[in-house]
Structure formats: C-alpha cells, structure tokens
Amino acid sequence: LAKTTQPISMDSYEGQEVNITCSHNNIATNDYITWYQQFPSQGPRFIIQGYKTKVTNEVASLFIPADRKSSTLSLPRVSLSDTAVYYCLVDAPQDSSASKIIFGSGTRLSIRP
Amino acid sequence: DTGVSQDPRHKITKRGQNVTFRCDPISEHNRLYWYRQTLGQGPEFLTYFQNEAQLEKSRLLSDRFSAERPKGSFSTLEIQRTEQGDSAMYLCASSLDLAATNTGELFFGEGSRLTVL
C-alpha cells in the first residue's frame, strides 16, 4: 500500500525553480519526510529530510505545512544535471522496522535547455 | 572510495542457473539493506541486516532467494534457479545504527543488474 502520492513526471527548463509536491495523508506522528534523487543506472541518493515547517540545505528546500499531510520539494534554478527521478518517502528514522522504508514510483523530472 | 560497492555490476545468466551478488557497505555502517528495482519502478525492499542478524524479510523474497552477512561486514544475495522475472537491478544500501543517525539516511551502491535469458 503506497504511503505517498506524487506526480509521475514533470518537465521544466534550465534556470527555473521546480516544485514537486508529495501527498502523505496517513503520515504518523513519528514519521519524517525524506526525499531521494536517482540518476539512471545509479542507486538513490539522499537529498533532504524534514519533520515540519521548512528545511533548507545546499541542494534543496523542503516545505511542510502544519497538518503534515503533504510536502513540497523545491529545487532552485535547476540545470540539465537535475534530470532524475525524485522519491518522496515517509518513515520513522528511529524505528527499527526497516520495511517501513518504502519507495513509491517517484517523479521523473526532465529539464530542458 | 569509501562508498557502498556492489559486484558484479552486470550479470547475464540463463534461466535455471544460480547467481550471487556481493555488497560491501560503508565500513562503520551496521545496517545493510537489499532492494530490487525494475524498469520504471522505485526500489522494492527485500531484506535488512543489523550487523550479522537478518531482522526482516519481505514477502517478495521467495524461497529461491537467500541473503547472508556472516561477519557483519559484506553481504551476499543468492538467487537459485533464476527465472526471467528475476531480471532487475539489485541494490544494496547501508546506514548507521539507529543510535548514531538522526536521519536514517541510506547510502546506496550502484547496483547489480541481472538479466535472465
């Protein structure tokens, strides 16, 4: 049973800001929201994680509203190298049950010149 | 290179043959995971180790699949009597122990791609 819902694909252009929204209506109190990025023929790579409000790092920002039922990954000024699949996950990092780390089908982001 | 390494990167085999994949996690990571990924899909959880103990197995892991981590370091995933439906990318990931990580970040290898003819 999918825990998150995100768009299958998105297109944008170099230099634009890209926002990918993820729905997680059944998020639990202990769950965090985590985003991974995957390039072809590579394993996923951790981008950012948050619990509430806003988190920013050198790669992206993550916006989480008060009800935590959705989140938005924001990529500023994208380049061609940001073309990848982006996965939104909800999991409890301190939970010993590894099967809670469930990847959905992700959002395939294509950046054009 | 101190990342997660997997071997072989590519394996082509005939139906019915056995194959084995190896994963070397980041040295200080106690947790090790195996995932399977098919084209257009996200990684599917297969199994998880805490040191040498296999703590969880997915229902996807049929009796033909077996994973070991004998000394709590490297791990192997063996598939016996391969079927065409086993064709996929097999991904290994490792992470720090729960007490040592805030994010539970998984560090993935580049995967082992299996093609069963």
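In what follows, chains are A, B, ... by sequence order, proteins preceding strands, each numbered from 1. The shown structure was predicted, so the numbers you read here are calculated from the model rather than taken from an experiment.
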Colleague: If hydrophobic clusters are built by linking Ile, Leu, Val, Met, Phe, Trp and Tyr wherever their side-chain heavy atoms come under 4.5 Å apart, do A/Met10 and A/Ile48 end up in the same one?
Modeller: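 Yes, A/Met10 connects to A/Ile48 through the hydrophobic network.
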
Colleague: Is it the case that one hydrophobic cluster holds both B/Phe74 and B/Leu32, taking links as side-chain heavy atoms less than 4.5 Å apart, direct or via other members?
Modeller: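 In one cluster: no.
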
Colleague: What part of B/Gln37 gets within 4.5 angstrom of chain A, counting heavy atoms only: side chain, backbone, both, or neither?
Modeller: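 Contact with chain A: side chain only.
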
Colleague: Just give me the residue among A/Gln42, A/Gln49, A/Arg45 that pairs up with chain B most often, heavy atom to heavy atom, under 4.5 Å.
Modeller: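 The candidate making the most pairs under 4.5 Å is A/Gln49.
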
Colleague: Would you say CD1 of B/Ile12 has more than 12 non-hydrogen atoms from neighbouring residues, nucleotides or ligands within 6.0 angstrom?
Modeller: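 No, CD1 of B/Ile12 has 12 or fewer neighbouring heavy atoms, counting only those of other groups under 6.0 Å.
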
Colleague: Working to the nearest 0.5 angstrom, can you tell me the gap between A/Asp91 CG and B/Thr103 OG1?
Modeller: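 OG1 of B/Thr103 is found 9.0 Å from CG of A/Asp91.
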
Colleague: Do you reckon A/Val18 sits in the same ILVMFWY cluster as A/Val59, going by side-chain contacts under 4.5 Å, direct or chained?
Modeller: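 Looking at the clustering, A/Val59 is in the same group as A/Val18.
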
Colleague: How close do B/Leu91 and A/Pro44 get, heavy atom to heavy atom, and via which atoms?
Modeller: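 Nearest heavy atoms, B/Leu91 then A/Pro44: CD1-CD, 4.1 Å.
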
Colleague: List the atom of B/Phe108, the atom of A/Gly43, and the distance in Å for their closest heavy-atom pair.
Modeller: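 Looking at all heavy atoms of both residues, the shortest contact is CB-CA, 3.8 Å.
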
Colleague: Does OH belonging to A/Tyr51 count more than 12 external heavy atoms closer than 6.0 Å?
Modeller: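 Yes - once you tally the heavy atoms of other residues, nucleotides and ligands closer than 6.0 Å, there are more than 12.
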
Colleague: Taking atom CZ of B/Arg9 as the centre, does the number of heavy atoms from other residues, nucleotides or ligands within less than 6.0 Å exceed 12?
Modeller: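 Correct, the count exceeds 12.
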
Colleague: Search all heavy atoms of A/Ser105 against all heavy atoms of B/Gln41 and return the closest pair with its distance.
Modeller: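 Result for this residue pair: OG-OE1, 3.5 Å.
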
Colleague: Keeping B/Tyr35 on the side-chain end and A/Phe103 on the backbone end, is there a donor-acceptor pair under 3.5 Å?
Modeller: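 Looks like no, no N/O pair under 3.5 Å.
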
Colleague: Side-chain heavy atoms under 4.5 angstrom apart, residues restricted to Ile, Leu, Val, Met, Phe, Trp, Tyr: same cluster for A/Leu109 and A/Phe63?
Modeller: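 No, no single cluster joins them.
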
Colleague: Determine the option with the most heavy-atom pairs under 4.5 angstrom with chain A, choosing from B/Gly104, B/Gly42, B/Gly109, B/Ser95.
Modeller: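 The candidate making the most pairs under 4.5 Å is B/Gly42.
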
Colleague: Can you tell me which portion of A/Tyr32 sits under 4.5 Å from chain B's heavy atoms? Options are side chain, backbone, both or neither.
Modeller: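 A/Tyr32 has no heavy atom closer than 4.5 Å to chain B.
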
Colleague: With rounding to the nearest 0.5 Å, note down the distance linking OH in A/Tyr36 to CD in B/Glu105.
Modeller: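 If we round to the nearest 0.5 Å, A/Tyr36:OH and B/Glu105:CD are 6.0 Å apart.
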
